[in-house]
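All values reported here derive from a predicted model rather than from experimental measurement.
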Amino acid sequence: GTGSTALTGSFAGGPCTVPMDALRIEESEEGLQSSWQSCRRILWATPVILYVWSLPWLAEWGFAYTCRHYPHCSASGMSVSDFIANAQGTGALAVCFFNPILALWSNAQHLRHDSRVSVTLIWFQLSLGGLLIC
């Protein structure tokens with residue numbers, strides 16, 4: 001137990017490393033849990049990032065929406081809202097956001113005493129729902 005050895009896993013091409021010292025019984029379990037939660041958060045955020053960045057490529061394949069004069073659809077260019085303006089684009093974004101939103105609500109359980117957290121999450125969820133509906 002010098003701490004030089006680590007338990008390593010991987011996610012989306014990158015490592016999650018937890019020092020072996022963190023696995024000792026006398027150490028705080030909170031530190032280990034925090035390390036694994038950090039890895040899980042990165043893992044859950046990866047599909048959203050990859051999906052949003054791949055929307056222009058998906059549009060060329062017909063999965064994401066394109067206007068008649070793509071990519072010159074408006075004066076400001078294409079937006080995520082433009083790309084997801086079809087059933088499969090909207091559904092894929094909703095699926096990608098499922099676990100990150102679940103993690104947000106899970107984190108909010110630790111801050112139940114602060115009503116601003118729940119209000120903020122409700123507004124975020126309503127805003128995301130509005131984006132997906134409109």
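- At a threshold of 4.5 Å between side-chain heavy atoms, the hydrophobic network of Ile, Leu, Val, Met, Phe, Trp and Tyr places I101 and I42 in two separate groups.
- Residues W53 make up the rest of the hydrophobic cluster containing I49, defined by ILVMFWY side-chain heavy atoms closer than 4.5 Å, directly or through other members.
- Hydrophobic clustering (side-chain heavy atoms under 4.5 Å, transitive across Ile, Leu, Val, Met, Phe, Trp, Tyr) groups L55 together with L93.
- Residue C39 holds its SG atom at 12.0 Å from CH2 of W44, rounded to the nearest 0.5 Å.
- Summarising the geometry, atom OG1 belonging to T66 is positioned 9.0 Å from atom CG belonging to N86; distances are rounded to the nearest 0.5 Å.
- Nearest approach of Q88 to Y51, heavy atoms of both residues: O-OH, 4.3 Å.
- L111 has its side chain within reach of H113: a pair of non-hydrogen atoms, C-beta onward, lies under 4.5 Å apart.
- The disulfide bond (SG atoms under 2.5 Å apart) analysis of residues 50-86, with sequence neighbours excluded, yields the pairs C67-C73.
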Name every donor-acceptor pair, under 3.5 Å, that has one atom in a side chain of residues 118-134 and the other anywhere in the protein, sequence neighbours excluded.
from : atom 1 : to   : atom 2 : distance (Å)
T120 : OG1    : R116 : O      : 2.7
Q125 : OE1    : W105 : NE1    : 2.6
S127 : OG     : W123 : O      : 2.8

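- Distance CH2/W57 to CZ/F83: 13.0 Å, rounded to 0.5 Å.
- Taking each heavy atom of C96 and V48 in turn, the nearest pair found is O-CG2, 3.2 Å.
- Through direct or indirect side-chain contacts shorter than 4.5 Å among Ile, Leu, Val, Met, Phe, Trp and Tyr, Y65 is connected to no other residue.
- Formation of a donor-acceptor pair under 3.5 Å by the T90 side chain with backbone atoms of I84 is found in this model.
- For the side chain to side chain contact (heavy atoms under 4.5 Å, CB included) test, residues two or more places apart in sequence or in another chain that qualify with L102 are F98, N99.
- Sorted pairs that involve residues 54-82 and meet salt bridge (charged side-chain N to carboxylate O under 4.0 Å, His left out), not counting sequence neighbours, are lacking altogether.
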